[in-house]
**Student:** 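Here you go, one structure.
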2 protein chains.
Amino acid sequence: MAPKIVSRSTLHRLPLYLNYLRSLSVDARTTISATAIAAALQLGEVQVRKDLASISVSGRPRIGYRISDLIEELMSFLGYADRNDAVIIGTGKLGRALLDYAGFGDYGLNIVAGFDVDPFLTERTDGRKAVFSMEQFPDLCRRMKIQLGILTVPAAVAQETCDLMVEHGIRAILNFTPVHLRVPETVLVQDVDIAAMLAVLSSRLLEYENGMKIKGDQKR
Amino acid sequence: MAPKIVSRSTLHRLPLYLNYLRSLSVDARTTISATAIAAALQLGEVQVRKDLASISVSGRPRIGYRISDLIEELMSFLGYADRNDAVIIGTGKLGRALLDYAGFGDYGLNIVAGFDVDPFLTERTDGRKAVFSMEQFPDLCRRMKIQLGILTVPAAVAQETCDLMVEHGIRAILNFTPVHLRVPETVLVQDVDIAAMLAVLSSRLLEYENGMKIKGDQKR
DNA sequence: AGCATATCGATAAAAGCATATCGATATGCT
DNA sequence: AGCATATCGATATGCTTTTATCGATATGCT
């Protein structure tokens with residue numbers, strides 16, 4: 001098995017490619033050039049080629065890449081092929097919304113269930129995905145060998161909840177809380193601080209009028 | 001006015017610092033060293049100093065930085081000081097959750113209202129923030145000089161909705177749809193593809209067992 | 001058949017970012 | 001007062017990522 005090595009920034013672009021390719025109707029011409037992809041996604045054409053090459057997809061001059069091949073390779077590489085089970089801890093507004101979101105299936109993700117300490121939230125399972133009490137978390141988690149957890153609890157209990165998740169076998173955490181989680185080296189954390197993102201946006205915007213604050217911001 | 005120049009990666013770390021500093025109780029020692037911050041956030045101490053220096057905050061040897069000064073500078077730099085109005089377009093599950101989320105205030109953000117084409121969603125304003133019909137968007141948007149928009153519509157209508165936003169004065173978009181938005185150069189877009197993030201996580205996880213796919217992943 | 005053109009793949013150069021190192025400065029202890 | 005120590009600020013080094021350049025290859029047109 002070739003241990004393909006991909007840079008982190010490349011890895012984050014791959015879903016972009018996949019999304020775009022999927023958006024093309026299947027009966028379109030079955031082949032596409034790196035140039036076209038680059039133009040659509042406003043990236044450098046060389047970068048696209050490099051990214052695609054890094055996951056061992058190969059194109060032909062004057063022809064480009066077979067779209068179906070690309071999609072297949074991207075999906076397999078990103079693990080969309082094998083269904084990945086995940087749980088959501090904390091079913092407040094945001095957690096509930098994610099739990100009900102139907103679109104994860106396209107990404108090979110299966111949200112198994114939600115968990116919450118609040119009994120009120122745990123009982124309202126009217127036809128939608130079940131929300132369990134936190135006491136049931138350890139058992140269900142181990143039995144189903146869940147590795148992916150989405151953390152949407154209040155900031156105050158974020159770290160302790162995180163510790164609990166790690167303790168019971170969670171290996172990767174999508175962290176929606178604004179706290180920096182401390183985890184063992186073997187556990188992966190991806191932060192999604194929406195408020196911070198908005199703030200960064202507004203900050204970039206702020207100085208956009210009075211002359212460029214961010215370095216290397218605008219790229220053709 | 002000094003046109004401070006900050007690298008993009010620095011800009012994304014600044015909210016982290018601010019969050020952490022805020023989490024310290026105010027009656028803690030009023031001063032903190034870059035070393036301490038670095039340890040708490042698991043960053044290099046030099047990097048922390050560089051970041052802080054880039055927003056013109058200055059510390060004293062053996063003492064460190066005054067926490068209150070840091071917080072103040074960070075807030076002003078990130079634009080948390082002046083209230084920033086924002087709107088949410090598309091009030092499905094996710095949009096509704098964000099609309100009801102109370103925590104944005106701490107970030108200087110004020111979600112003014114939501115908009116949606118679906119009349120059913122627009123009428124259910126039981127005590128929460130109002131959701132207006134899309135027809136009212138242009139007027140309200142211009143009158144209140146909204147510059148920030150959160151896009152949470154279905155992928156199929158993402159681009160056209162985006163165009164509408166841009167047309168009516170939105171200057172920065174937080175994009176929750178998985179499509180790559182085409183905007184004029186003067187408009188900023190920040191993508192938040194949750195599904196893709198999960199996929200990236202699971203992908204990193206996947207190869208974490210059979211030997212390192214991602215380059216430069218583990219630090220320290 | 002041969003030439004023009006579009007596209008790929010690889011190598012090289014440049015830029016951006018992170019990390020290490022060193023001197024300077026301020027505090028506290030003896 | 002003087003020394004040890006912690007911390008800052010600045011410079012320099014190395015690594016990663018992006019961008020540019022060049023030759024190779026395949027298609028289509030004359």
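In what follows, chains are A, B, ... by sequence order, proteins preceding strands, each numbered from 1.
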**Student:** Of the nucleotides D:dT17, C:dG9, C:dT7, which one has an atom closest to the side chain of A:S7?
**Tutor:** D:dT17
**Student:** When you check the side-chain N and O atoms of A:D163 and A:Q159, is any donor under 3.5 Å from an acceptor?
**Tutor:** yes
**Student:** Are the side chain of A:T152 and the backbone of A:I89 linked by a donor-acceptor contact shorter than 3.5 Å?
**Tutor:** yes
**Student:** Looking only at non-hydrogen atoms, find the nearest pair between A:A34 and A:E45 and report the distance.
**Tutor:** CB-O, 4.2 Å
**Student:** Can you measure A:H12 atom NE2 to D:dT16 atom P for me and round it to whole angstrom units?
**Tutor:** 16 Å
**Student:** Pairing check on D:dG9: which nucleotide meets the Watson-Crick or G-U wobble criteria with it, both distances under 3.5 Å?
**Tutor:** C:dC22
**Student:** Calculate the interatomic distance between A:D51 atom CG and D:dT16 atom C1'; express it in whole Å.
**Tutor:** 14 Å
**Student:** Can a donor-acceptor pair under 3.5 Å be found between the side-chain atoms of A:R62 and the base atoms of C:dT5?
**Tutor:** yes
**Student:** Please determine, for C:dT30, whether a Watson-Crick or G-U wobble partner exists with both distances under 3.5 Å, and give it or none.
**Tutor:** D:dA1
**Student:** Report the distance from atom CZ of A:R60 to atom C1' of C:dT5, rounded to the nearest whole Å.
**Tutor:** 17 Å
**Student:** With a 4.0 Å cut-off on heavy atoms, is A:A53 in touch with a base, just the backbone sugar-phosphate, or nothing at all?
**Tutor:** nothing
**Student:** Check every atom of D:dT19, C:dT19, D:dT25 against the side chain of A:P61 and return the nucleotide holding the closest atom.
**Tutor:** D:dT25
**Student:** Please output the side-chain donor-acceptor pairs of residues 59-68 of chain A that fall under 3.5 Å, not counting sequence neighbours, one pair per line with the distance.
**Tutor:**
unit_1	atom_1	unit_2	atom_2	d
A:R66	NH2	A:S68	OG	3.0

**Student:** Nearest to the B:R13 side chain among C:dT7, D:dC8, C:dA18, which nucleotide is it?
**Tutor:** C:dA18
**Student:** Whole angstrom is fine here: how far is it from CG in B:L52 over to P in D:dA10?
**Tutor:** 13 Å
**Student:** Measure CG/B:L43 against P/C:dT19 and give the value in whole Å, please.
**Tutor:** 9 Å
**Student:** CZ of B:R49 versus P of D:dA6: gap in Å, rounded?
**Tutor:** 13 Å
**Student:** In terms of side-chain heavy atoms of A:R8, which of D:dT17, D:dC8, C:dT7 is nearest?
**Tutor:** D:dT17
**Student:** Answer yes or no: does a side-chain N or O of A:S9 lie under 4.0 Å from OP1 or OP2 of D:dT16?
**Tutor:** no
**Student:** Any base atoms under 4.0 Å from A:T10, or only sugar-phosphate, or nothing? Heavy atoms, all strands.
**Tutor:** nothing
**Student:** Is it true that a side-chain atom of A:N175 and a backbone atom of A:T177 form a donor plus acceptor pair closer than 3.5 Å?
**Tutor:** yes
**Student:** Take atom CG of B:L11 and atom P of C:dC17, then tell me their distance rounded to the nearest Å.
**Tutor:** 11 Å
**Student:** Give the rounded distance in Å between these two atoms: NZ of B:K50 and C1' of C:dG16.
**Tutor:** 9 Å
